[in-house]
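Structure first, then comments.
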Amino acid sequence: MYTIQKAKTEFLQAIKQAAPPGFIPTIEDLETPPDQKMGDLAFPCFDLAKGLKRNPAEIATELAAKIGPKGFIAEVKAVGPYVNVLLDTKSFGEAVYTEMKELGDEYGTSDVGADKRLMVEFANLNSHKDVHIGHLRNLFVGQAAVNLLKATGYDVVPVAYINDLGLHVAKSVWGMKTYHEHEEVKPENRIAFLRDVYVEANKILEEQPALSAQVTEVFRHLEDGRGDEVALWKETRGWSIDYLKEVYSELDLTIDHWYFESEVIAKTKKIIEELIKKGIVKESEGAWIVDLKDQDLGVNLLIKTDGTLLYNAKDLGLAMKKEEDYHPTRSIYVVDERQSHALRQLFATLKLMGFERELQHLSYEFVTLEGGAMAARTGNVIRYEDLRDALLGEARRETESRHQDWTKKKVEKVAHAVAFAAMRFGMLKQDTGKKIVFNLKDAVSFEGFTGPYLLYTYARIRSLIKKAGRKKSKGTSTTLNHPTEHQLVLRLAKYPEIVFDTAQKLEPAVLCQYLFDLAKTFAEFYANVPVLTQEGAKLSERLGLVKAVGDVLAHGLDLLGIDLVEEM
RNA sequence: GCACCCGUAGCUCAGUUGGAUAGAGCAUCAGCUUGCGGAGCUGAGGGUCGUAGGUUCAAGUCCUGCCGGGUGCACCA
């Protein structure tokens, strides 16, 4: 049990003893007072008052009078209808330090997920297309989910599912075959070429809808693996996969297994045949569907009238393949909110098939531009590389202006960390239920509630520790008395609860907010409390506190997938 | 038409699962260098929490209606 929980339990125990017999408060009843001056933990007396039909403020006063300082509790006072306690910086702080020291990197983690294998499917990008800023949210939310679930003890299998054989690919291959045959494409221009062809093909098809019959023909050939388009598909698919692998590696995604749409087609066809025999899949208007109207989910369209498979159909094959490969007890699909209807259909269909695993859609709202949604079809996107280079440019400029004496290599390393921290934090700090209206000016800002601010806080911490040199830091808190010191200890203690909560909700923004608050409190401490000029216990204990803040900051940022630098 | 998401300061967002005086960042304005990094700190202005009802001792938070924005609902993924 973590120290913060012990402190809460102590408080509850005291309340229980002071309250009338039979009243059993729970840890969930405890709150945090809105103002630190009011105390560290609060117990609201409303429920008790209701049972006794008395004024909650009176009850709070009575309870507070009966509870004395004991253990971690230094002070008890009634504030209106609340009983508030102030924790003892010395004993509480010491307990927090001790457990941080004992647990090391494990501090904040838990084992609720022990013995459970969990699959996280994310990074489901399309081949033959660019990576744009909308995808980044998926990649970062997915990776954070993977890290957080691992931190709560799950055996996590992160997988990516690449859509390398959808209609978009058929359009692309058709466009190349029809308008760019035998055209030589230099390796460095491959992705741009694919993008241009895709936009061009869409434009032509819009103007001449009759040509879509040709695309269908190409699609059929690709699905069946025959015809002269297959070679072209294979080659260009290779370009795309190389590109995606490069991007994923640049973003440090940890993906255990890559699944491809093209490899689940045969299995999907077999599954559908069986489902037809069982009467689950039926013919309707020339297409093949699963009727889910009784569940208010409409119909799940699997095979089009032209005989080609739809995305939802192939997801059935994928689910079975994943089950064979890893048999996870729970599967999390990290997918854009716009697909929630399709995913509900998928889950419902799998259930009809007798697939009993727990399935969860981790949905997030999409990233849009100020002028409206992005669309690869028309080329109206901000590509990942554009954002990255804008961030790198800005970070380089900032770093150079601060450190004229640094080598180019050093500047580059720091600029890289700053740029990527800004990118990741920017995508993670907002609640997944809210869409992000992308704004380049805000995105390249390094001040305030941003990744670089956290990196900066960490760099200042490292600088302090480096300057302290051989002076010892100590995991005690006998002399800590500044309000910010108390606040820092309390925040450090709460870290395990935050990690747990963030992992439970799979809402990285919660952790972002916490880390920012921690950094903010540290900055206040830093501006008001001297460290290196102190001596004796004051020096060593403050150094200990500084180091502990740095450790939690590093741990939390690591969970978000953000790399740190020692100086910047 | 139906379903889901959203509406909080000029802008972008938090808001402890119904509790105390609704908070941050950006922007604006005013300050902070002889002590450790100014990507920082301190302060100020800025709010009928879309709106009208309802439930409750207590509503930004729950329920209902309405308004506004977004997304989805059979051959895209």
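Letters A, B, ... are given to chains in the order of the sequence lines, protein chains preceding strands, and every chain is numbered from 1. Just so it is clear, the structure is predicted and the values come from calculations on it, not from any experiment. FYI, side chains are in, hydrogens and waters are out, and symmetry mates aren't considered; it's all heavy atoms of this structure.
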When all nucleic acid strands are considered with a 4.0 Å heavy-atom cut-off, which category describes [X]: base, sugar-phosphate, or nothing?
{"X": "A:Ala509", "value": "nothing"}
{"X": "A:Gly166", "value": "sugar-phosphate"}
{"X": "A:Ser212", "value": "nothing"}

Next on the checklist: Under 6.0 Å from the ring centre and within 45 degrees of the ring axis: does the NZ or CZ of A:Arg237 meet both conditions for the six-membered ring of A:Phe260?
Outcome noted: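 So A:Arg237 does make the cation-pi contact.
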Atom [atom1] of [X] and atom [atom2] of [N]: how far apart are they, to the nearest Å?
{"X": "A:Lys434", "N": "B:C5", "atom1": "NZ", "atom2": "C1'", "value": "11 Å"}
{"X": "A:Gln430", "N": "B:C5", "atom1": "CD", "atom2": "P", "value": "17 Å"}
{"X": "A:Asp442", "N": "B:A24", "atom1": "CG", "atom2": "P", "value": "19 Å"}

Among [options], which is the nearest nucleotide to the side chain of [X]?
{"X": "A:Ser463", "options": "B:G37, B:U21, B:A77", "value": "B:G37"}
{"X": "A:Thr32", "options": "B:U16, B:G25, B:A14", "value": "B:U16"}
{"X": "A:Glu524", "options": "B:G40, B:A20, B:U42", "value": "B:U42"}
{"X": "A:Leu310", "options": "B:A77, B:G38, B:G35", "value": "B:A77"}
{"X": "A:Arg460", "options": "B:A20, B:G40, B:G35", "value": "B:G40"}
{"X": "A:Phe449", "options": "B:G35, B:A77, B:G25", "value": "B:G25"}

Checklist entry - For RNA chain B, whose closest nucleotide is more 5', that of A:Pro56 or that of A:Lys505? => result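 Nearest nucleotide further toward 5': that of A:Lys505.
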Checklist entry - More 5' along RNA chain B: A:Glu398 or A:Ser445, using each one's nearest nucleotide? => result A:Ser445
Next on the checklist: Could you walk me through whether A:Ser340 and A:His361 satisfy the side chain to side chain donor-acceptor pair (under 3.5 Å) test, starting with their C-alpha distance in whole Å, then the side-chain angles of each, then the deciding distance to 0.1 Å, before giving a yes or no?
Outcome noted: CA-CA 7 Å; A:Ser340 63; A:His361 176 201; 5.2 Å; no
Checklist entry - Is a side-chain donor or acceptor of A:Thr450 paired with a backbone partner of A:Tyr453 at a separation under 3.5 angstrom? => result yes
Checklist entry - Hey, is B:U17 sitting syn or anti, using the within-90° cutoff around 0? => result syn
Checklist outcome for this item: Contact string for nucleotides 68-74 of chain B, one letter per nucleotide 5' to 3', B = base within protein heavy-atom range under 4.0 Å, S = sugar-phosphate only, - = neither, reads --SSSSB
Next on the checklist: Counting distance alone, no hydrogens or angles: does the base of B:A14 have a donor or acceptor under 3.5 Å from a partner atom on the side chain of A:Asp517?
Outcome noted: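 By the distance-only test, no, there is no pair.
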Checklist entry - Paired stems touching RNA chain B, three or more consecutive Watson-Crick or G-U pairs with both distances under 3.5 Å? => result B:1-7 with B:67-73, B:10-13 with B:23-26, B:28-32 with B:40-44, B:50-54 with B:62-66
Next on the checklist: Between A:Lys520 and B:C41, is there a contact of a side-chain N or O with OP1 or OP2 at under 4.0 Å?
Outcome noted: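 For B:C41, OP1 or OP2 has a side-chain N or O of A:Lys520 closer than 4.0 Å.
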Next on the checklist: Students often mix this up, so state it plainly: with edges at 30° and 60°, are the rings of A:Tyr311 and A:Tyr161 parallel, tilted or perpendicular?
Outcome noted: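 Tilted.
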Next on the checklist: Tell me whether A:Glu62 is salt-bridged to A:Arg54, with the criterion being a basic N under 4.0 Å from an acidic carboxylate O.
Outcome noted: yes
